[in-house]
Student: 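Please find one structure pasted underneath; my questions will follow.
In listed order, ligands and their atoms are each counted from 1.
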Amino acid sequence: MSEKIGTLYGIGVGPGDPELLTIKAARILGEVDLVFTAASPGNDYSIAQQIAGPHLKPGIEVRRLNFPMVGDEETLTSAWKANAEEIAKVLKSGRSAAFLTLGDSLTYSTYGYVLPYLAETLPPEAVVTIPGITSYQMAASRLNTPLVTGLESLTIMSGVEDPETLGELLDKTDNVAILKTYRSFEKIMNMLKKKGLAQNATLYSKVGLPDEEIHRDLENTTITEPPYLSLMIVKNNRR
Ligand SMILES: C[S@@+](CC[C@H](N)C(=O)[O-])C[C@H]1O[C@@H](n2cnc3c(N)ncnc32)[C@H](O)[C@@H]1O
């Protein structure tokens with residue numbers, strides 16, 4: 001075992017365009033010894049890896065970490081712990097690594113799940129987070145629409161388990177960005193219609209990627225199940 005501990009860089013690669021990484025992220029990607037990506041049984045290739053591709057050293061070792069998409073707490077925590085152990089083993093051998101995340105590294109990311117387990121076994125300076133442009137920032141920029149102005153508020157959500165919670169939030173906040181809309185699109189649409197806000201909602205799928213789709217005014221939409229890479233921004237116009 002080497003004396004020197006390598007560094008793990010949790011890198012946000014942005015939402016799709018390989019030119020939308022920070023200069024720092026691009027430099028580090030070209031320097032690290034190994035790359036970790038997240039794979040789940042339903043998603044056997046990493047979109048983050050595709051985005052980071054142009055910045056990686058040719059022939060670099062890429063390791064997929066398994067993040068099961070299940071509700072069972074014990075299965076999840078044992079996978080996160082095992083992933084943290086695998087990462088720590090690499091760092092303790094003196095090698096540096098990047099953990100790729102789509103969008104921003106600390107926004108609804110798999111990296112966020114392993115961080116507490118890494119902290120149990122590594123000194124704090126061994127882990128460095130490099131933020132990235134989030135999917136909802138990219139979405140807003142596609143239509144040149146401010147996310148928030150003046151005294152407005154913005155709520156970020158990931159999916160909607162309980163439509164009533166969304167309803168309550170819509171009463172209180174000026175703008176809502178809902179990620180992982182694919183999970184609960186129907187529930188979301190029903191609540192937006194109930195609140196008279198469906199026409200103020202825009203659905204963004206695969207923003208920054210070649211097959212991007214943007215649908216404004218969802219009042220009469222025929223979409224029932226958008227792709228995984230979809231989010232919605234709802235403007236409340238309360239002011
Ligand atoms: C696990 S979360 C990752 C969020 C990401 N860390 C961020 O900063 O945006 C995955 C969700 O992000 C959203 N997302 C990520 N990239 C996207 C893209 N290019 N287009 C639309 N939505 C995207 C989708 O809502 C997707 O279901």
Side-chain angles (χ1 to χ4, degrees), residues 9-22 24-25 29 36-54 64-71 76 79-80 83 98-115 129-143 145 147-148 154-161 166 169 175-189 192 201-216 218 221 223-234:
Y9 298 93
I11 295 190
V13 300
D17 182 342
E19 290 191 341
L20 278 182
L21 278 86
T22 61
K24 191 167 195 153
L29 287 176
F36 289 106
T37 65
S40 67
N43 170 18
D44 65 347
Y45 81 102
S46 162
I47 301 158
Q49 185 183 341
Q50 223 182 347
I51 300 167
R64 299 211 169 156
L65 298 172
N66 184 35
F67 286 85
M69 284 173 96
V70 294
L76 290 173
W80 298 339
N83 289 337
F99 187 123
L100 306 182
T101 61
L102 189 58
D104 175 53
S105 26
L106 295 177
T107 303
Y108 298 125
S109 68
T110 45
Y111 173 66
Y113 294 134
V114 295
L115 276 176
T129 301
I130 311 291
I133 293 173
T134 64
S135 51
Y136 59 87
Q137 287 174 305
M138 176 65 185
S141 77
R142 294 295 294 119
L143 295 183
T145 319
L147 271 172
V148 267
L154 168 67
T155 298
I156 317 294
M157 304 176 69
S158 176
V160 171
E161 293 279 316
L166 173 63
L169 278 169
N175 303 277
V176 184
I178 313 170
L179 276 59
K180 297 201 179 169
T181 42
Y182 72 103
R183 268 195 194 155
S184 34
F185 191 73
E186 207 183 319
K187 282 188 203 170
I188 297 168
M189 285 315 305
L192 291 180
T202 305
L203 180 70
Y204 300 85
S205 298
K206 303 182 185 176
V207 282
L209 293 161
D211 41 355
E212 171 183 282
E213 278 189 32
I214 299 177
H215 302 269
R216 299 190 210 213
L218 301 179
T221 187
I223 297 166
T224 52
E225 211 179 307
Y228 171 73
L229 285 185
S230 297
L231 66 97
M232 207 187 272
I233 297 180
V234 187

Student: Measuring from each atom of ligand 1, which residues have a heavy atom under 4.0 Å away?
Tutor: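 Within 4.0 Å of ligand 1, the protein residues are P15, L102, G103, D104, T107, Y108, T134, S135, L179, K180, Y204, K206, V207, Y228, L229, S230, L231.
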Student: Using side chain to side chain donor-acceptor pair (under 3.5 Å) as the criterion, list what pairs up with T37, not counting sequence neighbours.
Tutor: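 Expected list: none.
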Student: Any chance you could measure I178, atom CD1, to I188, atom CD1, to the nearest 0.5 Å?
Tutor: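 Result: 4.5 Å between the selected atoms.
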Student: I'd like to check the ring-ring contact (aromatic ring centres under 6.0 Å, His included) partners of Y136; sequence neighbours left out, ordered by chain and number.
Tutor: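 Once residues adjacent in sequence are excluded, Y136 has no partner under the ring-ring contact (aromatic ring centres under 6.0 Å, His included) criterion.
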Student: How are the rings of Y113 and F67 set to each other: parallel, tilted or perpendicular (split at 30° and 60°)?
Tutor: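 Rings of Y113 and F67: tilted, as their planes differ by 30° to 60°.
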Student: How long is the gap from OH on Y111 to CG on D104, to the nearest 0.5 Å?
Tutor: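 One finds 10.5 Å between OH of Y111 and CG of D104.
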Student: With Y204, which residues qualify under ring-ring contact (aromatic ring centres under 6.0 Å, His included), at least two apart?
Tutor: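 In terms of ring-ring contact (aromatic ring centres under 6.0 Å, His included), with neighbours along the sequence ignored, Y204 is linked to no residue.
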